[in-house]
Amino acid sequence: MNPTELVTSGPLLLATGVALLAGAISFASPCVVPLVPGYLAYLAGLVGADAPAVGADENRKSGRWRVAGASLLFVLGFTVVFALTSFVVLGATEVLWLNEDLLQRIGGVVTIAMGLVFIGLIPALQRDVRVHRVPRGGLLGAPLLGGVFALGWTPCLGPTLAGVLALARGTEVGSATGRGALLVLAYCLGLGLPFVLIALGTRWAVRMTGWLRTHGRAVQIFGGSLLILVGVALVTGLWGDFVGWLRIAVVNDYELPL
């Protein structure tokens, strides 16, 4: 399968959409979204600008492009960490040469467990392991802060990221590491884009942040339920059956316009 066919394949597009949604759910989780103003204020301090507006009555726009640039570097920082994690995990499963169906079912069990963790039903795995020291050093501190964010927020980000990796393992299109790279990038886009939009002062993003802070528990339950459903589909083989159906019914008869 060539790169064009890989990116435009129905099964992988479906998995990419799920990964993008998982990233957005991670951003909306109660342990991330309340801290967005603090992260953006810190990034603004790194570039010597005013903090972006994060409340309905605020209208500070000075230096917003600089803050948005720092936010992009922040997103790049946690993307690199998550990508390296995916290469290690998926690369290890390739080396182990385990049965593909077995790996898919193991990933499904892990995803179900991570869904329960995300909802908060496994208190032992809810322990906060944040790194409390934040990097300094001007603009260079932005990607470093992103890396600290990725490493530190394990209880919030770990469940959805584990689900994305299980999805990469269970979607039989191309190599597992290639799928993992694409799905992790989609996950990071869903997680990181709101940071950049809020840094730019996008009104709907600011209003959405307020709504998420009010409805955090509902988002948490929805996200955990989604992970559980994906996990059940992987364990039972329904995900593989659906991917196979997509490949036959949609992808094989589809031709790219020239």
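Numbers for residues simply follow the sequence, beginning at 1.
Shortest non-hydrogen contact noted between Thr111 and Ala166 is OG1-CB, 3.1 Å. Taking each heavy atom of Ala28 and Val219 in turn, the nearest pair found is CB-CG1, 3.4 Å. When all heavy atoms are compared, the tightest approach of Val184 to Ser86 is CG2-CB, 3.6 Å. When every heavy atom of Ala186 is checked against every heavy atom of Thr16, the shortest pair comes out as CB-CG2, 3.6 Å. Closest heavy-atom contact between Leu73 and Ala142: CB-CB, 3.8 Å.
Taken to the nearest 0.5 Å, the OG atom of Ser225 stands 9.5 Å off from the CG atom of Leu116. Between atom CD1 of residue Ile221 and atom CG of residue Leu226 there is a gap of 13.5 Å, rounded to the nearest 0.5 Å.
A heavy-atom distance below 4.5 Å is not found between the side chains of Leu185 and Phe82. Side-chain contact between Tyr187 and Thr79: absent, with no pair of heavy atoms (C-beta onward) separated by less than 4.5 Å. In this structure, Val117 and Met114 have side chains that are in contact, with non-hydrogen atoms separated by less than 4.5 Å. Counting only heavy atoms from C-beta outward, the side chains of Val232 and Thr236 approach each other to under 4.5 Å. Taking 4.5 Å as the limit, every side-chain heavy atom of Ser29 sits out of range of all side-chain heavy atoms of Ile25. Under the 4.5 Å side-chain criterion, counting only non-hydrogen atoms from C-beta, Ser26 is not in contact with Val32.
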Checking Ser71 against Tyr39 for the side-chain hydrogen bond (donor to acceptor under 3.5 Å, both in side chains) test, could you report, in this order, the C-alpha distance in whole Å, the side-chain angles of both residues, the deciding distance, and whether it holds? CA-CA 9 Å; Ser71 299; Tyr39 273 105; over 6 Å; no
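Under the 4.5 Å side-chain contact rule for hydrophobic residues, Leu72 and Trp65 share a cluster. The hydrophobic clustering, which links ILVMFWY residues whose side-chain heavy atoms are closer than 4.5 Å, places Ile228 and Val109 together. Residues Leu200 and Phe195 fall within the same hydrophobic cluster, defined by Ile, Leu, Val, Met, Phe, Trp and Tyr side chains chained together at heavy-atom separations under 4.5 Å. Linking ILVMFWY side-chain heavy atoms closer than 4.5 Å, directly or via other members, places Phe27 and Tyr42 in a single hydrophobic cluster.
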Donor-acceptor pairs under 3.5 Å, side chain of residues 144-151 to any protein atom, not counting sequence neighbours: which ones?
none

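Val18 pairs in a side chain to side chain contact (heavy atoms under 4.5 Å, CB included) with only one of the listed residues (Leu167, Leu227, Val164), which is Leu167.
Using cut-offs of 30° and 60° for the angle between ring planes, the Phe74 and Phe78 rings count as perpendicular.
A donor-acceptor pair is defined here as one N or O able to donate and one able to accept, closer than 3.5 Å; such a pair exists between the side chain of Arg217 and the backbone of Ile119.
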